[in-house]
Amino acid sequence: MMTPPQEERHKRVKELHRLIHHHNERYYQLDAPEISDAEYDALLRELQLLESRYPELLTADSPTQRVGAAPLSKFEPAQHEVPMLSLSNVFDEKALADFDRRVHERLDLPGSQAITYVAEPKLDGLAVSLLYESGDFVRGATRGDGQTGEDITVNLRTIRAIPLSLQGQGWPKRLEVRGEVYMPKAGFDALNKRAMTQGEKTFANPRNAAAGSLRQLDSKITASRPLDFFTYGLGVYERGDLPATSHYALLMRLKGWGFPVSHDVQCVEGVEGCLKFYRAIEKRRNELEYEIDGVVYKVDSLQDQEKLGFISRAPRWATAHKFAPQEQTTEVLAVEFQVGRTGALTPVARLKPVFVGGVTVSNATLHNMDEVQRKDVRVGDAVFVRRAGDVIPEIPRVVFEKRPTSTHPVVLPTHCPICCSPVEHLAGQAVARCTGGLFCPAQRKESLKHFASRQAMDIDGLGSELIEQLVDLDYVHDPSDLYHLTYEKLLTLELVAEKTAQNLLTALEASKKTTRDRFLFGLGIPGVGRVLAETLGQTFPNFDQLMDIKLGQFFPLAELEALPGVGPKMAKTLMNCYREKPGTLVNADSLDAWLESCHAKLPKSVVTGLTKQFSIQTFAETCARAGHFLQQKTIRIPGVSHVIAHHICDFFANEKNRAVIRRLFEAGIHWDEQGGENVSSSLAGKTYVITGILTGMSRDEAKKQLQLLGAKVTSSVSKKTTAVIVGEAPGSKKDKAEALNVQILDEAAFMKLIE
Ligand code: 9MJ
């Protein structure tokens with residue numbers, strides 16, 4: 001007989017089993033969680049606590065048994081009663097049609113009768129076998145060589161998506177379920193991020209991460225990895241007990257017994273149906289939560305499957321249709337540097353041409369020198385090239401095992417490869433820049449393209465080719481020269497006849513009447529996108545005031561903060577000292593002495609640095625300037641960081657830029673005084689939620705920015721939310737977003753979005 005408290009505990013444990021089971025199902029099978037991760041963890045912890053206090057309550061099917069067991073010394077072999085086969089492959093439509101023809105022939109069906117196939121995404125994970133006896137999970141194994149795998153039961157038990165006991169009813173007494181263990185892309189990214197911050201080895205791709213996690217002798221490590229599972233078929237089962245006649249119906253039965261089945265599985269008719277599925281899923285490939293490398297087609301009728309049987313190691317009733325590989329290896333022939341609009345030097349790898357993701361790739365971006373160094377890419381290296389959709393090809397990593405002995409390191413040029421001006425690479429910044437400004441033809445071309453673009457001055461017909469010619473022929477140095485082009489000059493350009501020349505002159509004339517926002521954006525100040533241009537314009541309706549802007553108006557202490565070793569906190573301390581006793585500084589014996597007398601704990605190195613750089617006079621002037629700015633109202637513009645504020649001030653302080661702006665006004669650029677227009681509705685129809693503390697702006701400001709772009713900002717997360725913007729110390733909204741698989745943007749990604 002159980003005592004009442006015993007009975008209570010027993011009941012609670014049963015209830016916790018049921019609840020955890022239920023939430024596993026909501027999460028893994030229905031994709032519709034009802035509680036946050038934190039709430040789920042609380043249930044699990046409560047159960048763990050009860051089990052550790054009262055071991056008699058612990059059962060083999062307890063959800064806590066997923067946390068891992070004592071490490072093994074090795075994996076035991078596991079014999080497959082029914083061999084685990086691989087799949088034949090087709091790579092194109094013709095091979096698929098051949099496969100379908102062979103199926104028709106073997107089933108003795110007329111070609112006109114379309115065969116029903118089940119089309120499934122082909123997951124790039126690890127095939128496993130899960131054996132259930134009397135509804136309990138008793139053994140899990142890898143595929144191995146198809147006959148014998150490894151017994152990884154303890155590891156598989158830690159995967160929440162794998163039921164420890166079968167649900168529902170009607171399952172065969174002995175049932176072997178097969179499927180793929182994989183790591184969702186989001187989990188993979190998070191795992192690698194964590195590994196990176198802890199200085200550990202990262203995984204090259206989700207497949208390797210899943211394989212590495214499953215083959216751990218210590219199942220506690222497996223338990224800590226974000227693994228998931230989809231089922232796609234059966235191994236051994238007690239015949240006669242299988243309540244299904246089609247593969248699709250079987251998958252639905254498996255779903256009912258507690259196994260996750262991909263939402264993307266579909267019944268299709270004939271080759272046409274297969275191809276339609278293939279094309280549709282290939283288009284969505286990058287949006288899927290998991291990596292796939294193709295699709296699998298399976299004859300739906302189980303009776304027909306039996307008739308078709310197997311050839312050597314693969315079923316005749318199924319085939320895999322692989323995508324063109326998105327990753328290939330090739331060789332880096334050279335690394336060259338491209339110069340962008342703002343002078344940024346981008347290293348670009350020239351590659352031995354290679355067919356990847358459906359196109360031939362011969363260039364790949366290396367982004368910046370930090371990336372080159374982090375990946376240790378050298379000229380002559382064997383590298384992987386990746387191309388996903390329309391994205392610019394990238395080099396995810398070097399094939400170090402194939403590195404030849406004669407590689408050359410990539411060296412950042414000291415001078416611009418286009419205009420020979422010195423290259424500047426500021427400490428702490430990833431990007432190196434050509435200092436040539438508009439003297440550099442590459443920068444000139446890119447800034448003219450930007451100036452003429454649709455979002456800026458919208459000069460119809462002035463495209464890249466014409467701009468290249470105009471700069472190469474030295475007709476145009478800066479945007480103001482565009483307005484002095486003549487009909488005769490335009491006719492000397494290639495591919496420009498009378499009509500084009502006339503149209504271009506008309507478009508240039510029309511562009512003179514513009515808006516303040518377009519003009520500001522068209523100037524191409526680094527970091528100033530359309531939204532910021534508008535806000536800047538609203539903040540400074542008087543253009544002359546904007547041209548005279550000083551960094552101190554944004555950040556009063558900026559000048560002090562920028563001093564070596566000083567930073568925001570020390571700048572404040574110095575300023576407090578100065579404001580307490582400004583007279584003492586000018587009358588001090590030396591700057592050194594004044595700094596010492598400050599009682600502020602200034603490190604010796606800072607004192608030495610400051611005294612080297614400043615006289616009493618110049619330091620006092622710097623402090624006075626900061627004091628002056630402190631007395632004024634600080635300009636707060638959402639989205640303006642220190643770096644962007646610097647860019648804005650530097651741009652308008654530059655005499656050459658001021659001259660260009662003057663000449664543009666002289667050429668007739670003008671706008672109505674209210675200046676603005678409704679900024680783009682690029683985020684129209686999108687809904688965002690903001691949680692946590694943003695460091696660059698307040699939540700209200702962030703909200704306004706999003707609304708300016710046409711987005712809606714709401715306070716609760718639902719499946720309809722486009723993304724959740726997460727600042728520091730986020731609340732439960734982040735958990736909810738994760739649970740609902742809503743995109744999460746950190747502050748940097750948010751800034752990029754509103755840019
Ligand atoms: C994968 N990898 O997603 C099969 N697979 O069927 C699917 N693999 C398979 N089916 C029979 N969806 C052998 C392998």
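All ligand and atom numbering here is 1-based and tracks the order in the structure.
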Ring centres under 6.0 angstrom apart (Y182, F229): no
Looking only at the aromatic ring of each residue, does the gap between the centers of Y132 and F259 stay below 6.0 angstrom? yes
What residue and heavy atom of the protein are closest to atom 11 (C) of ligand 1, and at what distance? L87 CD2, 3.7 Å
Proximity flag G125 to ligand 1, non-hydrogen atoms under 4.0 Å: no
The protein heavy atom nearest to atom 6 (O) of ligand 1 is K298 NZ, 3.1 Å
Any salt bridge linking R207 with E291? Criterion: basic side-chain nitrogen under 4.0 Å from a carboxylate oxygen. no
If the threshold is 4.0 Å, N to carboxylate O, is there a salt bridge linking D376 and R378? yes
Provide the number and element of each atom of ligand 1 under 4.0 Å from a heavy atom of E120. 7 (C), 10 (N), 12 (N)
Is A320 touching ligand 1 with its side chain, its backbone, both, or neither, if touching means heavy atoms under 4.0 Å apart? neither
Which of the numbered atoms in ligand 1 are under 4.0 angstrom from any heavy atom belonging to E180? 2 (N)
With heavy atoms of P121 as the reference, note each atom of ligand 1 found under 4.0 Å away. 3 (O), 12 (N)
When the ring centroid of H321 is compared with that of Y278, is the distance short of 6.0 Å? yes
shortest atom 3 (O) of ligand 1-to-protein heavy-atom contact is with L123 N, 2.8 Å
Lys/Arg N to Asp/Glu carboxylate O, R18 vs E15, below 4.0 Å: yes
Atom 9 (C) of ligand 1: closest protein heavy atom, distance to 0.1 Å, is Y232 CE1, 3.4 Å
R403 bridged to E401 by N-O distance under 4.0 Å: no
